[in-house]
K.L.:
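One structure follows; several queries about it will come next.
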Amino acid sequence: SAMSHGMRAHTNPPHLDGDRNWRDLASRYALVPLRLFLGVTFVYAGLDKLTDSAFMKDSGAGSIGDMMRGVRDSSAIPAMIDMALESPVAFGYAIAFGELAVGIGALLGLLTRLAALGGALISLSLWLTVSWAADPYYYGNDLPYLMAWTPLVLAGAPLLSVDAALRERRRRRTGDYR
């Protein structure tokens with residue numbers, strides 16, 4: 001009949017449906033590789049600082065104190081560095097534990113938006129201080145990290161995450177399927 005013919009005209013051949021399904025799947029999971037990369041990188045950066053005996057010192061080769069004094073005059077906000085220099089080691093531990101917490105949050109997808117915001121703020125402060133003088137700007141790596149955290153701040157971790165599991169549990173318990 002004309003009606004069944006008309007309906008058939010609007011369905012895609014099977015190979016195009018497969019394409020669309022694959023594209024839908026790919027876009028749903030698009031942020032997962034970014035989350036894994038940032039999570040692993042920030043966990044590694046945090047552990048690297050915590051286990052580097054030369055780094056967690058007020059002064060000396062490879063120390064956080066010397067590094068901060070070295071970038072002070074070229075930073076966007078020298079006052080930020082002066083504040084950190086009042087206790088370089090405490091500041092170093094704060095950054096290291098911050099990176100660790102942010103990395104674990106991103107990997108597990110736990111409080112993902114908050115973790116991503118923390119990662120973005122760490123990256124922002126490092127960009128304004130440590131890598132501010134990078135010329136041209138794209139040689140500094142903290143600005144790309146700041147940009148990489150932004151989609152996770154906006155979208156969170158709707159898939160393969162503790163956040164999604166908790167949301168699903170809440171939905172089942174309350175019967176709220178909005």
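Residue indices begin at 1 and follow the sequence shown. Keep in mind that what you see is a predicted model, and the values were worked out from it rather than measured. These values consider heavy atoms only, across backbone and side chains, with no hydrogens, waters or symmetry-generated copies.
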K.L.:
Is Ser74 reaching over with its side chain to a backbone N or O of Val71, donor-acceptor style, under 3.5 angstrom?
P.N.:
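Such a contact is found between Ser74 side chain and Val71 backbone.
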K.L.:
Can you list every salt bridge (Lys or Arg N to Asp or Glu O under 4.0 Å) pair that touches residues 104-116, not counting sequence neighbours?
P.N.:
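Salt bridge (Lys or Arg N to Asp or Glu O under 4.0 Å) check on residues 104-116 returns no pairs.
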K.L.:
By the salt bridge (Lys or Arg N to Asp or Glu O under 4.0 Å) test, which pairs, at least two apart or in different chains, include something from residues 55-71?
P.N.:
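Of all non-adjacent pairs touching residues 55-71, those that pass salt bridge (Lys or Arg N to Asp or Glu O under 4.0 Å) are Asp66-Arg69.
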K.L.:
Pair up each side-chain donor or acceptor in residues 137-148 with any protein partner under 3.5 Å, not counting sequence neighbours, and list the distances.
P.N.:
{"from": "Asp142", "atom 1": "OD2", "to": "Ser131", "atom 2": "OG", "distance (Å)": "2.8"}

K.L.:
Looking at every heavy atom in both Met56 and Ala96, which two are closest together, and how far apart are they?
P.N.:
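The pair with the smallest heavy-atom distance is CE-CB, 4.0 Å.
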K.L.:
Can you name the residues that form a ring-ring contact (aromatic ring centres under 6.0 Å, His included) with Phe55, not counting sequence neighbours?
P.N.:
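Counting only residues at least two positions away or on another chain, Phe55 forms no ring-ring contact (aromatic ring centres under 6.0 Å, His included).
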K.L.:
Given the rule that I, L, V, M, F, W and Y join up when any side-chain heavy atoms are under 4.5 Å apart, are Leu124 and Val130 in one cluster?
P.N.:
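No: no chain of side-chain contacts under 4.5 Å links Leu124 to Val130.
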K.L.:
Under 3.5 Å, which donor-acceptor pairs do the side chains of residues 114-121 form with other protein atoms, sequence neighbours left out?
P.N.:
none

K.L.:
Give every donor-acceptor pair under 3.5 Å between a side-chain atom in residues 30-42 and any protein atom, sequence neighbours left out.
P.N.:
{"from": "Arg35", "atom 1": "NE", "to": "Ala106", "atom 2": "O", "distance (Å)": "2.8"}
{"from": "Arg35", "atom 1": "NH1", "to": "Leu159", "atom 2": "O", "distance (Å)": "2.9"}
{"from": "Arg35", "atom 1": "NH2", "to": "Leu107", "atom 2": "O", "distance (Å)": "3.4"}
{"from": "Arg35", "atom 1": "NH2", "to": "Leu160", "atom 2": "O", "distance (Å)": "2.8"}
{"from": "Thr41", "atom 1": "OG1", "to": "Phe37", "atom 2": "O", "distance (Å)": "2.7"}

K.L.:
Does one hydrophobic cluster hold both Leu108 and Val102, with members joined at side-chain heavy-atom distances below 4.5 Å?
P.N.:
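Cluster IDs for Leu108 and Val102 match.
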K.L.:
Treating Ile, Leu, Val, Met, Phe, Trp and Tyr as nodes and any side-chain heavy-atom pair under 4.5 angstrom as an edge, say whether Leu128 and Leu85 lie in one connected cluster.
P.N.:
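Different clusters.
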K.L.:
Keeping to residues at least two apart or across chains, list the ring-ring contact (aromatic ring centres under 6.0 Å, His included) pairs with something in residues 77-111.
P.N.:
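Every pair satisfying ring-ring contact (aromatic ring centres under 6.0 Å, His included) with a residue in residues 77-111: there are none.
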K.L.:
Looking at CD1 of Ile104 and CG of Leu111, how far apart are the two atoms once the value is rounded to the nearest 0.5 Å?
P.N.:
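Reported value, rounded in 0.5 Å steps: 12.5 Å.
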K.L.:
Can you tell me how far apart CG (Leu100) and CG (Leu47) are? Round to the nearest 0.5 Å.
P.N.:
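Here the interatomic distance stands at 5.0 Å.
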K.L.:
Applying ring-ring contact (aromatic ring centres under 6.0 Å, His included), which residue pairs with at least one partner in residues 99-128 are found, sequence neighbours left out?
P.N.:
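Every pair satisfying ring-ring contact (aromatic ring centres under 6.0 Å, His included) with a residue in residues 99-128: Trp127-Trp132.
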K.L.:
Is there any salt bridge (Lys or Arg N to Asp or Glu O under 4.0 Å) pair reaching into residues 74-91, and which pairs are they, with sequence neighbours excluded?
P.N.:
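For residues 74-91: Arg72-Asp82.
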K.L.:
What's the spacing between Ser59 OG and Ile64 CD1 if we round to 0.5 Å?
P.N.:
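These two atoms lie 12.5 Å from each other.
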K.L.:
Does any non-hydrogen side-chain atom of Met80 lie less than 4.5 Å from one of Ser75?
P.N.:
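Result no, sub-4.5 Å side-chain heavy-atom pair not found.
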K.L.:
Go through the structure and list residues passing side-chain hydrogen bond (donor to acceptor under 3.5 Å, both in side chains) with Thr112, not counting sequence neighbours.
P.N.:
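With neighbours one apart ignored, the set is Asp163.
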K.L.:
Does Met67 belong to the same Ile/Leu/Val/Met/Phe/Trp/Tyr cluster as Val89, with side-chain heavy atoms less than 4.5 Å apart forming each link?
P.N.:
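Yes, same cluster.
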K.L.:
Identify, with sequence neighbours excluded, every residue that meets salt bridge (Lys or Arg N to Asp or Glu O under 4.0 Å) alongside Lys49.
P.N.:
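In terms of salt bridge (Lys or Arg N to Asp or Glu O under 4.0 Å), with neighbours along the sequence ignored, Lys49 is linked to Glu99.
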K.L.:
What pairs meet the side-chain hydrogen bond (donor to acceptor under 3.5 Å, both in side chains) rule with one or both residues in residues 148-159, with sequence neighbours excluded?
P.N.:
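Listed by first then second residue: nothing to list.
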